[in-house]
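Here's the structure, in structure tokens; my notes come after.
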Number of protein chains: 2
Amino acid sequence: MSDESRGPRRRLSRNAVLAAALSLADRAGSAGLTMRALAQDLGVVPMALYKHVADKDELIDGIVDIVWSEVEAPVATADPSVWRPAMRARATSLRQALRRHPWAVGLMETRMHPGPANLAQHDAMMGCLRRAGFSFRATVHVTSVLDAYVYGFTLQEKSLPFASAEESGEVAQRKLDTQPAELATTFPYLIEVVSELATAGYDYDAEFNTGLDLILEAVEAHPWE
Amino acid sequence: MSDESRGPRRRLSRNAVLAAALSLADRAGSAGLTMRALAQDLGVVPMALYKHVADKDELIDGIVDIVWSEVEAPVATADPSVWRPAMRARATSLRQALRRHPWAVGLMETRMHPGPANLAQHDAMMGCLRRAGFSFRATVHVTSVLDAYVYGFTLQEKSLPFASAEESGEVAQRKLDTQPAELATTFPYLIEVVSELATAGYDYDAEFNTGLDLILEAVEAHPWE
DNA sequence: ACCTGAACACCGTTCAAGT
DNA sequence: ACCTGAACACCGTTCAAGT
């Protein structure tokens, strides 16, 4: 399956281990990312990995930071009209990175040891806001609320009953057809909203942008001290 | 340690298993929640659990729904002045539930099978917004952005480098003192903001409320179709 | 310096058996 | 109907040994 399994490659390296781990996580999810499976992908015995990585925790820190490195960094400039589009682009880029690596969603912000790419990303974000004229305190508020939104949205994206992937309408409708009477009486409002979405359809990108623009609008309008 | 270990209680029940599992997760975290440890807490052999719960996944679904049941449900009313405080109270209540059960943060919205308490909670939320006059579409937008915010914020709360728990100032300052020269030149903006927070202090509740009010203000001001 | 083999202390879960 | 014991196929990781 993996690229590494073709030739009888020897000589591992930390980067090779991390790259294979990222690929394995993308293919098999966080539950499938085991030291043993990773070793097999690399055509090596499990213990060989421990020469390049302290333990599994450090391995995960490593691949999480690779995901961070894929997020487009906003540029810092004194032009007061650029922070909004820059923040919008960064939020979109972060969401896309999290969609490419779904296993990372529950892991990115939970990690205790932020890597260099993570630090660089947040440095760029703070720089962009600071140079646009935001105060220290406001910079933290804006970073906090934007990151929280992107994380939380992507987290929900994987599981909301009325919006699982493309076929949101179908899925919701099928759910309604299964036990219509019972659910309809117990959760009238929920069913009503889900039914509406089932007929009208549900677009995740549009939903994400609506919330994002709502927040950016609020940030711009807010009288920061 | 557990309440169950005192008497030689026999006769398990599904609720007893779920209650013990919740308590174990609160004490030992998601990594410490194992079927074997849970069985030991209950003074029973691991296999005994499988009579009351299909597998570990269903167990987790069960305790996640208990957490949902702890979240204060907003009431539905036609009074247009109540949705805002109701939404604010619900967001605060959700955040507090997630803080009481930190293991749940990365799990709540990822679960594929929402339980009755989860459905009831969202039914109440939709009802509150619908009766306040929000359209179907707007109801989904508001639910989405509020849930995303609370989730994302609580997720960050556990790991942001400049805000780990109470002693945010100390921790940040110590981090700065460790490698001052190197970090300061590579991540100037980040260090600048962190230093500022280290001296001024960082209050998580205040931070949460600032973002929450920003979003609620934006929701109220937005011209929903 | 880097990789291996065997082993240890764990997992979730099945299956046949006890009461 | 409910609980047990032994077993299976997994984990991450240590330790002593190979090259």
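So that the names make sense, note that chain A is the first sequence line, chain B the second, and so on, each numbered from 1. Please read all numbers here as calculations on a predicted model, not as lab measurements.
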Item checked: Between C1' of C:dG12 and CD1 of B:I60, the distance in whole Å -> 11 Å
Check: Quick one: A:M47 CE to D:dG18 P, roughly how many Å, whole number?
Finding: 17 Å
Item checked: Length of the CG-C1' vector between B:L49 and C:dT13, whole Å -> 12 Å
Margin query: Donor-acceptor pair, distance only, cut-off 3.5 Å: does the side chain of B:N118 make one with the backbone of B:D65?
Written below: no
Next item on the list: Round to a whole Å and report the spacing from CZ of B:R14 to P of D:dC2.
Entry: 14 Å
Check: Do we see a donor-acceptor contact under 3.5 Å between the side chains of A:R88 and A:T92?
Finding: no
Check: In the strands shown, is D:dA7 matched to any nucleotide by a Watson-Crick or G-U wobble pair with both distances under 3.5 Å, and which?
Finding: C:dT13
Check: When the distance from OH of B:Y50 to C1' of D:dT4 is rounded to whole Å, what number comes out?
Finding: 15 Å
Checklist line | Atom-pair distance (CG on B:L24; C1' on C:dG12), nearest Å | finding: 15 Å
Margin query: What is the distance, to the nearest angstrom, from the CD atom on A:Q40 to the P atom on C:dT4?
Written below: 13 Å
Note to self: Among D:dT13, C:dG12, D:dC3, which nucleotide has an atom closest to any side-chain atom of B:L12?
What the structure shows: D:dC3
Notebook entry, point to check: Between B:K56 and C:dG12, does any side-chain N or O lie under 4.0 Å from OP1 or OP2?
Noted result: yes
Checklist line | Proximal nucleotide (of D:dT13, C:dC3, D:dC3) relative to the A:D55 side chain | finding: D:dT13
Note to self: Counting only side-chain heavy atoms from C-beta out, which of D:dT4, C:dG12, C:dT4 sits nearest to B:R36?
What the structure shows: C:dG12
Note to self: For B:L212 and B:L146: C-alpha separation, side-chain torsions, deciding distance, then whether side chain to side chain contact (heavy atoms under 4.5 Å, CB included) applies.
What the structure shows: CA-CA 8 Å; B:L212 181 57; B:L146 279 178; 3.9 Å; yes
Next item on the list: Give the rounded distance in Å between these two atoms: CD of B:E58 and C1' of C:dT13.
Entry: 14 Å
Note to self: Just to be sure I understand the rule, does B:M35 reach a base, reach only the sugar-phosphate, or reach nothing, if contact means heavy atoms closer than 4.0 Å?
What the structure shows: sugar-phosphate
Checklist line | Parallel, tilted or perpendicular: rings of B:Y149 and B:F208 (30°, 60°) | finding: parallel
Checklist line | Side chain of B:K51 - closest among D:dG5, C:dC3, D:dC2 | finding: D:dC2
Margin query: Taking A:V71's backbone N and O only, do any of them form a donor-acceptor pair with A:Q121's side chain (distance below 3.5 Å, no angle check)?
Written below: yes
Notebook entry, point to check: So which nucleotide from D:dC3, D:dC11, C:dG12 ends up closest to the side chain of B:H52?
Noted result: D:dC3
Next item on the list: Let me know, please, whether A:A48 or B:A37 comes out on the 5' side of the other along DNA chain C by nearest nucleotide.
Entry: A:A48
Note to self: Of the listed nucleotides (D:dC3, D:dG12, C:dA6), which one gets closest to any side-chain atom of A:T34?
What the structure shows: D:dG12
